[in-house]
Amino acid sequence: QVQLVESGGGSVQAGGSLKLSCAASGYIFSTCGMGWYRQAPGKERELVSTISSDGTASYADSVKGRFTDSQDNAKSTLYLQMNSLKTEDTGVYYCVADALNTSGYCEPFRYWGQGTQVTVSS
């Protein structure tokens with residue numbers, strides 16, 4: 001059974017940094033892609049970043065140049081380094097992972113973590 005557990009959230013002032021971690025169990029890194037969503041109060045969930053099985057990352061325009069994905073396959077952990085944080089980055093951040101089905105196709109964002117709160121104050 002796949003489990004994704006996020007950590008590293010917290011409160012920080014605007015301009016500060018946080019590094020989120022997503023520890024995966026029962027999941028084989030480098031098989032399919034992973035990523036991060038976030039949800040701000042009263043807003044829809046937003047895809048923040050994705051990282052493909054070959055390590056290629058892509059980012060939402062709102063975080064490009066400030067956020068960086070990385071992964072440690074040996075530790076089965078995905079990271080999101082968040083720099084130059086803004087108040088609008090506040091929200092619950094969810095780690096997501098694709099699922100490799102029996103047809104060899106990666107089903108996008110099949111698995112979700114429980115989320116970690118990030119609060120950025122001015």
Side-chain angles (χ1 to χ4, degrees):
Q1 185 173 351
V2 174
Q3 275 195 315
L4 304 175
V5 180
E6 303 97 333
S7 61
S11 297
V12 65
Q13 287 196 320
S17 298
L18 283 173
K19 186 173 185 178
L20 305 184
S21 299
C22 172
S25 59
Y27 188 78
I28 301 175
F29 270 55
S30 76
T31 301
C32 293
M34 300 184 72
W36 296 89
Y37 266 87
R38 69 184 179 189
Q39 187 163 24
K43 294 188 177 181
E44 293 186 356
R45 281 182 183 175
E46 174 190 18
L47 179 61
V48 174
S49 68
T50 60
I51 184 165
S52 65
S53 56
D54 66 0
T56 303
S58 63
Y59 304 93
D61 287 343
S62 57
V63 307
K64 203 170 291 183
R66 300 187 297 121
F67 289 13
T68 304
D69 268 326
S70 62
Q71 59 188 47
D72 185 331
N73 289 354
K75 294 183 178 180
S76 297
T77 301
L78 175 70
Y79 301 99
L80 182 67
Q81 177 67 48
M82 306 186 294
N83 298 328
S84 302
L85 282 162
K86 304 176 180 180
T87 54
E88 52 263 44
D89 293 320
T90 293
V92 178
Y93 283 69
Y94 299 90
C95 175
V96 295
D98 299 347
L100 182 66
N101 64 21
T102 55
S103 299
Y105 171 71
C106 292
E107 299 177 3
F109 314 138
R110 176 70 174 78
Y111 302 111
W112 288 70
Q114 83 288 350
T116 186
Q117 176 70 45
V118 171
T119 303
V120 184
S121 59
S122 59

Taking all atoms of both residues into account, what is the closest heavy-atom pair of [X] and [Y], and its distance?
| X | Y | result |
| --- | --- | --- |
| Thr77 | Ser21 | CG2-CB, 4.2 Å |
| Thr50 | Ser58 | OG1-OG, 2.7 Å |
| Ser17 | Ser84 | OG-N, 4.3 Å |

Reported [atom1]-to-[atom2] distance for the pair [X] and [Y], which is rounded to 0.5 angstrom:
| X | Y | atom1 | atom2 | answer |
| --- | --- | --- | --- | --- |
| Met82 | Lys19 | CE | NZ | 11.5 Å |
| Gln114 | Glu6 | CD | CD | 4.5 Å |
| Glu46 | Tyr93 | CD | OH | 7.5 Å |
| Thr68 | Asn83 | OG1 | CG | 6.5 Å |
| Tyr105 | Cys32 | OH | SG | 9.5 Å |
| Thr116 | Arg38 | OG1 | CZ | 14.0 Å |

Single-linkage hydrophobic cluster, 4.5 Å side-chain cutoff, [X] and [Y] together:
| X | Y | value |
| --- | --- | --- |
| Met34 | Leu47 | no |
| Leu20 | Tyr94 | no |
| Ile51 | Val96 | no |
| Leu78 | Val2 | yes |
| Tyr79 | Leu4 | no |

Within a 6.0 Å radius of atom CD on Gln81, are there more than 12 heavy atoms belonging to other residues, nucleotides or ligands?
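Correct, the count exceeds 12.
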Quick check: are there more than 12 heavy atoms from other residues, nucleotides or ligands sitting under 6.0 Å from CZ of Arg110?
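12 or below, so no.
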Between the side chains of Lys64 and Asp61, is the shortest nitrogen-to-carboxylate-oxygen separation below 4.0 Å, so that they form an ion pair?
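The answer is yes: the pair qualifies as a salt bridge.
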With a 4.5 Å limit on heavy-atom distance, are the side chains of [X] and [Y] in contact?
| X | Y | value |
| --- | --- | --- |
| Ser49 | Val63 | no |
| Val120 | Glu88 | no |
| Trp36 | Cys95 | yes |
| Asp98 | Phe109 | yes |

Given Asp89 and Leu18, is the side chain to side chain contact (heavy atoms under 4.5 Å, CB included) satisfied, shown in steps?
CA-CA 11 Å; Asp89 293 320; Leu18 283 173; over 6 Å; no
Do the rings of Tyr27 and Tyr111 sit parallel, tilted or perpendicular, given the 30° and 60° boundaries?
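Rings of Tyr27 and Tyr111: perpendicular, over 60°.
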Looking only at the side chains, is there a donor atom on one of Gln71 and Asp69 sitting less than 3.5 Å from an acceptor on the other?
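Judged by distance alone, the side chains do not pair up.
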Residue pair Leu85, Gln13: steps toward the side chain to side chain contact (heavy atoms under 4.5 Å, CB included) verdict:
CA-CA 8 Å; Leu85 282 162; Gln13 287 196 320; over 6 Å; no
